[in-house]
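Computed over heavy atoms, backbone and side chain alike; hydrogens, waters and symmetry mates excluded. These numbers were taken from a predicted model, which means no experiment stands behind them.
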Amino acid sequence: MTANPTTAPAGETVLDAAHLQARLDGLRAALDNCPTEIPASLSLPARDQLDEVAERLALGVDHTVVALFGGTGSGKSSLFNALTSLQFADVGARRPTTAHATACTWGDDAAALLDFLEVADERRIRRESLLDATDQDAFAGLVLLDVPDYDSVNTEHALQVDRLVPLADLLVWVVDPQKYADAALHEGYLRGLGARQQDMLVLVNQVDTLPAGGVDTLLADVRSLLAADGLHDVQVLPVSAVRGDNLGAVRELFLERVSRESNAARTASARLDAIAMRLRPAAAARPVTTRPELADAAVTALVHACGAQAVEDSVRTGLARTFPRAMARPAPPARDAVASIQTTWLRRTTEGLPGAWLHSVENAVATPEALAARTAEAVGSVQLPRHRTPLIELAWWGGTLAALVAAVWTVVVLMRGGAVGAGLIAPVTLLIIGLVVAMAALSARHSRARREADEYARTVRARLVSVVERDLTRPADGVLARHRALREALRVPGR
């Protein structure tokens with residue numbers, strides 16, 4: 001009923017207790033963390049079903065239950081004793097001998113599991129408690145049951161069989177040469193177990209009583225009957241509890257089964273898969289995250305909404321003018337404009353989310369009114385640059401004045417008819433110096449205008465990035481992190 005930890009082939013998951021418990025805990029945590037996003041019509045049944053899985057896992061999934069089923073006189077109790085090398089199961093002439101299930105365990109005593117299987121304390125034995133040899137270590141986790149006869153006249157015996165058939169990991173049907181075609185076996189059990197062919201083994205016992213050549217004929221007849229029952233893949237082995245025929249092969253089959261996951265593990269995993277699939281409508285079909293490009297677009301839109309772009313342009317052009325104009329000032333953004341920005345960001349960020357999650361994101365982020373107020377506060381607190389830098393202005397006006405004086409001086413010299421060479425050196429030199437100083441000052445003024453405009457734009461954008469991060473991105477990330485955790489918990493291995 002349990003999964004023994006083994007190394008799974010590449011791409012497969014080992015269904016051990018830790019893995020199943022982790023999945024169970026993940027689903028419970030997802031339900032706890034998404035109380036408003038998962039509708040009660042899905043969460044309440046899921047919680048009840050998870051509780052049922054938890055109860056089964058509490059019994060442990062580190063054992064493999066192999067049950068010997070057989071009719072009266074099939075010799076399954078003798079086979080049980082031979083396989084365990086113990087004389088523990090009831091064997092006798094009185095039929096039916098096995099009135100209650102008997103269990104032999106390898107490894108720990110599997111008390112909780114045996115309680116669940118309703119095996120009485122006095123009907124349990126641990127293989128290692130009697131033998132210290134380490135050659136039994138490989139069977140650790142095996143629980144071998146000797147089950148009451150399925151054809152017993154005692155109704156209680158039949159009820160025990162019916163209860164244990166779905167609980168066993170490996171169903172071993174023990175038949176004898178006289179009653180292998182019994183309708184109680186084929187019609188009552190085998191024909192209804194077509195889905196569990198990989199979990200069944202038929203042992204034809206007492207072959208030591210057959211004449212030479214009779215074994216092959218008997219096996220062919222048994223296989224033909226199984227095929228008629230729709231059981232084409234069930235393995236059939238001839239055995240003898242007296243001579244020990246093929247008991248080694250049977251033990252090898254048990255050992256192979258111990259190394260695989262049990263029905264309990266597979267059933268628990270299948271139930272968790274089913275729970276996850278039923279909860280899937282509560283989550284988006286694809287991962288949903290906040291995206292940097294959407295935050296950047298929201299910041300750019302807020303820059304324009306509060307007039308910061310116009311302020312940046314006025315700084316760039318106003319500081320470059322000789323006779324400056326008053327620079328523009330930012331204004332509180334209109335509520336409708338901010339609402340449109342928020343709605344666009346929400347729509348693109350939450351695309352694909354179910355309505356409940358969209359509502360949670362909307363409730364988590366700032367309202368348009370709050371976003372507008374914080375935008376106005378962030379942009380309004382950015383200081384505008386001074387109109388002029390005295391040194392640059394002094395150089396501009398000084399250079400311009402020197403160039404004008406030099407130009408007048410040159411005209412005067414030329415009008416007086418003075419010597420062209422010597423008389424023009426001084427005014428031309430002054431003209432050149434004045435023009436160079438004025439042009440350098442003009443270039444410095446334009447550079448400062450661009451620098452101040454860029455610095456203003458960077459400061460405004462940085463503050464609005466913080467606003468969008470605090471009021472939109474970060475709150476949405478908190479909700480979407482819960483959504484990602486839900487999607488991860490609902491992930492079904494292999495699908």
What do the steps show when you test Trp345 against Leu371 for side chain to side chain contact (heavy atoms under 4.5 Å, CB included), and what is the final call? CA-CA 13 Å; Trp345 183 88; Leu371 185 59; over 6 Å; no
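- A salt bridge (Lys or Arg N to Asp or Glu O under 4.0 Å) check over residues 290-299, counting only residues at least two apart or in different chains, returns the pairs Arg291-Glu293.
- Among residues two or more places apart in sequence or in another chain, the side-chain hydrogen bond (donor to acceptor under 3.5 Å, both in side chains) test is passed with Ser466 by none.
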Kindly indicate, with the supporting measurements, whether the criterion side chain to side chain contact (heavy atoms under 4.5 Å, CB included) is fulfilled by Thr289 and Arg484. CA-CA 9 Å; Thr289 60; Arg484 287 192 297 274; 3.6 Å; yes
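- Of the candidates Asn205, Leu203, Leu185, Val175 forms a side chain to side chain contact (heavy atoms under 4.5 Å, CB included) with just one, namely Leu185.
- Partners of Asp48 according to the salt bridge (charged side-chain N to carboxylate O under 4.0 Å, His left out) rule, which considers only residues two or more places apart in sequence or in another chain, do not exist here.
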Using side chain to side chain contact (heavy atoms under 4.5 Å, CB included), reason through Leu79 and Leu247 one step at a time and then give a plain yes or no. CA-CA 9 Å; Leu79 196 58; Leu247 295 189; 3.6 Å; yes
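- Looking at residues two or more places apart in sequence or on another chain, you find a side chain to side chain contact (heavy atoms under 4.5 Å, CB included) between Ala301 and Ile341.
- Closest of all the heavy-atom pairs between Lys179 and Thr72 is NZ-O, 3.3 Å.
- Applying the side-chain hydrogen bond (donor to acceptor under 3.5 Å, both in side chains) criterion to Asp162, with sequence neighbours excluded, gives Tyr189.
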Yes or no on side-chain hydrogen bond (donor to acceptor under 3.5 Å, both in side chains) for Thr102 and Arg123, after CA distance, side-chain angles and deciding distance? CA-CA 5 Å; Thr102 300; Arg123 307 292 296 178; 2.6 Å; yes
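- Residue pairs satisfying the ring pair (Phe, Tyr, Trp, His ring centres under 6.0 Å) criterion with at least one member in residues 458-488, sequence neighbours excluded, are listed as follows: Trp357-His483.
- Residues in residues 31-53 take part in no ring pair (Phe, Tyr, Trp, His ring centres under 6.0 Å) pair, two or more places apart or across chains.
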Which pairs of donor and acceptor atoms, one on a side chain in residues 225-236, lie under 3.5 Å apart (sequence neighbours left out)?
| unit_1 | atom_1 | unit_2 | atom_2 | d |
| --- | --- | --- | --- | --- |
| Asp229 | OD1 | Arg191 | NE | 2.6 |
| Asp229 | OD2 | His186 | ND1 | 2.4 |

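- Partners of Asp32 under the salt bridge (charged side-chain N to carboxylate O under 4.0 Å, His left out) rule, at least two apart in sequence or in another chain, are Arg47.
- Legend: salt bridge (Lys or Arg N to Asp or Glu O under 4.0 Å) pairs involving residues 352-373, not counting sequence neighbours, sorted by first then second residue: Arg335-Glu369.
- Checking side-chain atoms of Ser240 against main-chain N and O of Arg243 turns up a donor-acceptor pair under 3.5 Å.
- Here Asp115 pairs with Arg124 in a salt bridge; the nearest charged N to carboxylate O distance falls below 4.0 Å.
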Show your working on side chain to side chain contact (heavy atoms under 4.5 Å, CB included) between Leu490 and Leu27 and close with a plain yes or no. CA-CA 7 Å; Leu490 300 184; Leu27 284 167; 3.6 Å; yes
With a 3.5 Å cut-off and sequence neighbours excluded, list the donor-acceptor pairs that the side chains of residues 467-479 form with protein atoms.
| unit_1 | atom_1 | unit_2 | atom_2 | d |
| --- | --- | --- | --- | --- |
| Asp471 | OD1 | Arg374 | NH1 | 2.8 |
| Asp471 | OD2 | Arg374 | NH1 | 3.2 |
| Asp477 | OD1 | Thr290 | OG1 | 2.6 |

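- For the pair Arg163 and Phe116, the cation sits on the ring face: its NZ or CZ lies under 6.0 Å from the ring centre, inside 45° of the axis.
- Shown here are the salt bridge (charged side-chain N to carboxylate O under 4.0 Å, His left out) partners of Glu52, two or more places apart in sequence or in another chain: Arg271.
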